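The structure appears right after this line, and notes come after that.
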Number of protein chains: 2
Amino acid sequence: MSETIRFDLPQTDIPTQWYNIQADLPRPLPPVLHPGTHQPVGPDDLAPLFPMALIGQEVSQDRWIDIPDEVREIYKLWRPTPLLRARRLEKALDTPAHIYYKYEGVSPSGSHKLNTATAQAYYNKQEGINGLTTETGAGQWGTALSQACNFFDMECIVYMVKISYQQKPYRRAIMQTFGASVTASPSDTTDAGKAILAKDPDSTGSLGIAISEAVEVAAKSGGKYKYALGSVLNHVLMHQTVIGLESLKQMEIAGEYPDVVVGPTGGGSNFAGITLPFLHKNLTEGKITRLLGVEPAACPSLTRGKYAYDFGDTAGMTPLVKMYTLGHDFVPPPLHAGGLRYHGMASIICEMWDQELMEMNAISQMETFSAAITFAKTEGIVPAPEAAHGIAGAIREALAAKEAGEERVILFNLCGHGHFDMSAYDAYLGGELSDYEYPQEQIDKAIESLPQIG
Amino acid sequence: MSETIRFDLPQTDIPTQWYNIQADLPRPLPPVLHPGTHQPVGPDDLAPLFPMALIGQEVSQDRWIDIPDEVREIYKLWRPTPLLRARRLEKALDTPAHIYYKYEGVSPSGSHKLNTATAQAYYNKQEGINGLTTETGAGQWGTALSQACNFFDMECIVYMVKISYQQKPYRRAIMQTFGASVTASPSDTTDAGKAILAKDPDSTGSLGIAISEAVEVAAKSGGKYKYALGSVLNHVLMHQTVIGLESLKQMEIAGEYPDVVVGPTGGGSNFAGITLPFLHKNLTEGKITRLLGVEPAACPSLTRGKYAYDFGDTAGMTPLVKMYTLGHDFVPPPLHAGGLRYHGMASIICEMWDQELMEMNAISQMETFSAAITFAKTEGIVPAPEAAHGIAGAIREALAAKEAGEERVILFNLCGHGHFDMSAYDAYLGGELSDYEYPQEQIDKAIESLPQIG
């Protein structure tokens, strides 16, 4: 047998601290503003929804933040995750590049989301919170939070976009297996849901509506419940840095250092998880690894959005965040890559992009699925459609290396498997999918609706 | 962090040889008989369906058989699989027992089946065969063979029981993702299928019918295609011994040796995979590890069947095999644990049972699902319903250790995840499942139909 292609770490190498990029960003993050006063929000504004420990992490400037033992105990159920060299993919592409991937799909929830869900459940439990509310669309985040709440003996109340609730009964079932209460949104359990149903009894829901319902339940619970978000926020991205921190050690075992690190960008947590520890090396040790984000061409927040203050949600209820946005009422076309449909992007990623610390590709759905099939056939794993964006980006890089005749080292984050997304593959293989280029005038119009600040 | 709970092996420790129990069984396996002549079958009888290399392995008395490098190269995509200590399950059960599990669900196909599928595809490819035909019910085996054929650039022709084809579109989709041709059985592509459809155009199919179709296509292909079976046969069980061989090394790293090894028994390959290397130690090194098989109470081949010659299939077309059988026309009730519904059992397992080298539990469906939920909530992994039988057996052992106040070491094989079986969990959580005890008179009647030999 020629050689090892998997680079394992012992569990003693599970990181003991998360890495906080805020300590190293050349220019600090812009403040988050109150939607009414347009003044920077303070801890008190966020306290109804989040525990103080997470509010503290959201604004912390400390470079390293200790991971509680109780969180690492749960991480041990699947971490460290494997890092593999995709030898068979390299061969199929006939590229001199060395392609490595970090595989987060081995987590019980099937994606990287459990890294932050575990931490969020823990800190809420510490502050005496009984349970967490959240929304879920494709279901990755709802599954992760259901599991995390179960591990810490907390209630989990999930509002699931009605169309997903109906079309993905297995996603609902796995959340219920872990004891979560799952409600199709819009529902008659909240004022927000009732208002939507009054207007449109047949509404199939949206992530924006589900967020409103979940937030309402937490806000009106008198402190019994708080709300949890699966991406975008600074503390969420920080929790994901365990991915990159492990990868640094595993690449060392492999005896290489990446020339480029690739990850999909939806809300930003997956990309941040793998790249921030490498950005740390770039900023503090003079490394020059390229960091490449990949977003769907059909929802191109970074590549075609505007850097401006906007609401985080569709309804315009959240604080105002400065971000590359397509406008908060931007409605992406019905892509199958459910997780990458957010109109904006995490503040940290936006600053990385604005400060030219990263690069971006916008890749079409058809190229993405084609990359997914190539990967499945060579490496065996059927990726989640979100994860397939990272594969497509890595394949582009590998082909560029071939073109240049250079033995470049590529690392990408395979953030989850596609076992619950086979209907999307079915549609692709059945010729039912196509590409969609969003017309510029529609993007311009959506951006016009941005709130006027200052 | 208190301690490591996962015991990893480097890829250099992927076994280089399979273990063949036939070299060590105190009493040799009874011969397989020709269905017409009742004389022992020879290689020529099997050659239309299997390549000579596998026919050789089927009867080999060599203790160790080299694993080809090409097979180990594919194994590297997921092997060695992890072995974990189920600390959180132990705590939930409040048992002094140490519970370990070997997790085969990390394979690309999601179960142990890929271990033999890879080997079978390789040997067929070596002998110039273009493709493999097979049947699948629940879909685990069809998925594994689809992937294996893809890895060796071979066609894969799957006959999928029609009711599963309709109810499990995602299983069909994953096989198609790997390039397999999947046909709902009964179909009009074979004489066997046409005959069934002529009698009953609305037939929803059965594993027996699907086998007949797959065998017919291979037999009539003039050597272009051969047929592949996912369990029962000696060579299939042997390929699975990589599971137990790795476990031996991993238990050594954990610093313990199991008092009991537990595995579900359907056709026998999962149980054989984890236990045979431990049986080898029992037989040759004086170890006294108990080996515990678990079968569904609703399909109790070993615990309530008769040890006699019977057909391997429902239609009575295959050679006659001496096995514990419920009669080849035994129809198990519509259990959800699809993989454990076989009327007979692998010859090797039957001899182990008859020679008192193992123990058996028959466990009801409700106890099995209850064990599955307990495991998911403590260890995070949602097991396949088949795999849950092993968990239920391990939990019984752990509670017995608690009763006895003894720190026993338990190892079980978690042969696959349940991501494609969530409808069964949905039914369980929705209160739609119940237990079923097969009436003795029906078993007696089914056994009466056994062929009269000698």
Side-chain angles (χ1 to χ4, degrees), chain A residues 1-12 14 16 69 72-80 82 84 87-88 106-110 114 147 150-151 169-174 176-179 372-373 376-382 417-430, chain B residues 1-12 14 16 69 72-80 82 84 87-88 106-110 114 147 150-151 169-174 176-179 372-373 376-382 417-430:
Chain A
M1 192 164 58
S2 55
E3 53 164 4
T4 291
I5 60 164
R6 192 176 73 193
F7 306 95
D8 291 332
L9 290 180
Q11 295 201 299
T12 44
I14 295 175
T16 55
D69 280 350
R72 294 181 78 229
E73 284 296 319
I74 301 296
Y75 280 175
K76 287 197 297 184
L77 294 176
W78 74 96
R79 302 208 73 85
L84 292 104
R87 276 283 197 184
R88 290 174 49 87
V106 295
S107 98
S109 80
L114 196 53
Q147 294 186 344
N150 159 74
F151 289 142
Y170 289 8
R171 271 289 180 197
R172 172 182 50 70
I174 194 167
Q176 290 171 333
T177 298
F178 287 89
I373 301 278
K377 287 194 166 184
T378 49
E379 300 296 318
I381 300 167
V382 178
H417 62 63
H419 300 170
F420 293 94
D421 304 291
M422 292 313 300
S423 58
Y425 282 89
D426 215 19
Y428 175 75
L429 294 169
Chain B
M1 193 162 60
S2 56
E3 52 163 5
T4 291
I5 60 165
R6 191 175 74 193
F7 306 96
D8 291 331
L9 289 180
Q11 295 202 298
T12 45
I14 293 174
T16 56
D69 279 351
R72 293 182 78 229
E73 284 295 320
I74 300 296
Y75 281 175
K76 286 198 297 183
L77 294 177
W78 74 98
R79 303 209 72 86
L84 292 105
R87 277 283 196 183
R88 290 174 48 87
V106 296
S107 98
S109 79
L114 196 53
Q147 295 187 343
N150 160 74
F151 289 140
Y170 289 8
R171 270 290 181 199
R172 172 183 49 71
I174 195 167
Q176 290 171 333
T177 298
F178 287 90
I373 301 278
K377 288 194 165 185
T378 50
E379 301 296 319
I381 299 166
V382 178
H417 62 63
H419 299 169
F420 293 93
D421 305 289
M422 293 313 300
S423 58
Y425 282 88
D426 215 19
Y428 175 75
L429 294 169

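Small disclaimer: the values here were computed from a predicted structure and weren't measured. Lettering follows sequence order; numbering is per chain, from 1. Note that these values count all heavy atoms, side chains included, but never hydrogens, waters or copies made by symmetry.
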Under 4.5 Å from any heavy atom of chain B, what part of A:Glu379 do you find: side chain, backbone, both or neither?
both
Just verifying a value: how many Å separate B:Glu3 CD and A:Thr12 OG1, rounded to the nearest 0.5 Å?
12.0 Å
Donor-acceptor under 3.5 Å (B:Gln176 side chain, A:Leu429 main chain)
no
Got a second to check how far A:Ile5's CD1 is from B:Leu77's CG, nearest 0.5 Å?
5.0 Å
Counting only N and O atoms by type, is there a donor-acceptor contact under 3.5 Å from the side chain of A:Arg6 to the main-chain atoms of B:Pro10?
no
Work out which heavy atom in B:Gly380 is nearest to a heavy atom in A:Pro108; give both atom names and the distance.
O-CB, 3.2 Å
Parallel under 30°, tilted from 30 to 60°, perpendicular over 60°: which one fits the rings of A:Tyr170 and B:Tyr170?
perpendicular
Pick from B:Gly179, B:Pro80, B:Pro82, B:Gly430: which one has the most heavy-atom pairs with chain A under 4.5 Å?
B:Pro80
Please report the interatomic distance CD1(B:Ile14) to OG1(A:Thr4), rounded to the nearest 0.5 Å.
8.0 Å
What part of B:Leu114 gets closer than 4.5 Å to chain A, counting heavy atoms only: side chain, backbone, both or neither?
neither
Contact part of B:Ile373 toward chain A, heavy-atom cut-off under 4.5 Å: side chain, backbone, both or neither?
side chain
Could you measure the distance from the CD atom of A:Glu73 to the CZ atom of B:Arg88? Nearest 0.5 Å is fine.
9.0 Å
Strictly distance-based, threshold 3.5 Å: is any side-chain N or O of A:Asp426 a donor or acceptor partner for the main-chain N or O of B:Ala173?
no
Which atoms of A:Thr378 approach chain B - backbone, side chain, both or neither, heavy atom under 4.5 Å:
backbone
Between A:Arg171 and B:Met422, is there a side-chain heavy-atom distance shorter than 4.5 Å?
no
Under the ring pair (Phe, Tyr, Trp, His ring centres under 6.0 Å) rule, collect the residues that match up with B:Tyr425, sequence neighbours excluded.
B:Phe369
So, taking the atom named CD1 in B:Ile381 and the one named OG in A:Ser107, what distance separates them when rounded to the nearest 0.5 Å?
10.0 Å
Could you check which of B:Thr16, B:Val106, B:Ile174, B:Asp8 has the highest count of heavy-atom pairs closer than 4.5 Å to chain A?
B:Ile174
B:Arg87 portion near chain A, given a 4.5 angstrom heavy-atom threshold:
neither
For the pair B:His417 and A:His419, evaluate side chain to side chain contact (heavy atoms under 4.5 Å, CB included) and give the outcome as yes or no after the intermediate values.
CA-CA 11 Å; B:His417 62 63; A:His419 300 170; 3.3 Å; yes
Between A:Phe420, A:Trp78, A:Tyr428, which residue shows the highest count of heavy-atom pairs closer than 4.5 Å to chain B?
A:Phe420
